A.B. asks: 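Got a structure here, written out as structure tokens. Questions coming.
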Amino acid sequence: MITARIHVTLKQSVLDPQGTAVTKSLHALGYAEVQDVRIGKFLELKLDTADRAQAEARVTDMCEKLLANTVIEKYEFELVEA
């Protein structure tokens, strides 16, 4: 069993209105040291395989086809043996 931990975030050149709203809210709460917030998503998949190379290829395929919109988002992942 392998667990894939996937982080999907907006590319730096893409505006992030949700991140901007969180930044403003944190400032309103007194957290002036926060300079920027970028909002993304975290996915964790459990894969029924022990083959790391196959898992990497399959997760990359899943990210490219469904889990990330590669026009505006980037993704990275790590594989952890469960």
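Residue numbers start at 1 and run along the sequence shown. Computed from a prediction, not measured in an experiment: that's the story for all the values here.
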A.B. asks: If you compare all heavy atoms of M62 against all heavy atoms of L47, which two are closest, and at what distance to 0.1 Å?
C.D. replies: CE-CD2, 4.1 Å
A.B. asks: Roughly how far apart are D51 CG and R58 CZ, rounded to 0.5 Å?
C.D. replies: 11.5 Å
A.B. asks: Which atom names give the shortest non-hydrogen contact between L15 and L10, and what distance separates them?
C.D. replies: O-CD1, 3.8 Å
A.B. asks: Of all heavy-atom pairs between T23 and Q35, which one has the smallest distance, and what is that distance?
C.D. replies: CG2-O, 4.3 Å
A.B. asks: Return the minimal non-hydrogen interatomic distance between C63 and I6, and the atom names on each side.
C.D. replies: SG-CG2, 3.9 Å
A.B. asks: Around K11, counting heavy atoms of other residues, nucleotides and ligands shown, do more than 12 lie under 6.0 Å from its NZ?
C.D. replies: yes
A.B. asks: Using 0.5 Å steps for rounding, measure from the CZ atom of F77 to the CG atom of L67.
C.D. replies: 10.5 Å
A.B. asks: Can you see which heavy atom on I39 is nearest to which on D16, and at what distance?
C.D. replies: N-OD2, 2.7 Å
A.B. asks: Check this for me: Y31, atom OH, are more than 12 non-hydrogen atoms of other residues, nucleotides or ligands nearer than 6.0 Å?
C.D. replies: no
A.B. asks: How long is the straight-line distance from OG1 of T70 back to OH of Y75, given to the nearest 0.5 Å?
C.D. replies: 7.5 Å
A.B. asks: Does one hydrophobic cluster hold both V22 and V34, with members joined at side-chain heavy-atom distances below 4.5 Å?
C.D. replies: yes
A.B. asks: Looking only at non-hydrogen atoms, find the nearest pair between F42 and H7 and report the distance.
C.D. replies: CD1-CE1, 3.4 Å
A.B. asks: Can you tell me how far the NE2 atom of H27 sits from the CG atom of L29, to the nearest 0.5 Å?
C.D. replies: 10.5 Å
A.B. asks: More than 12 foreign heavy atoms under 6.0 Å from CD of E64: is that the case here?
C.D. replies: yes
A.B. asks: Show me the pairs that pass salt bridge (Lys or Arg N to Asp or Glu O under 4.0 Å) and involve residues 34-46, at least two apart or across chains.
C.D. replies: R5-E44, E44-K46
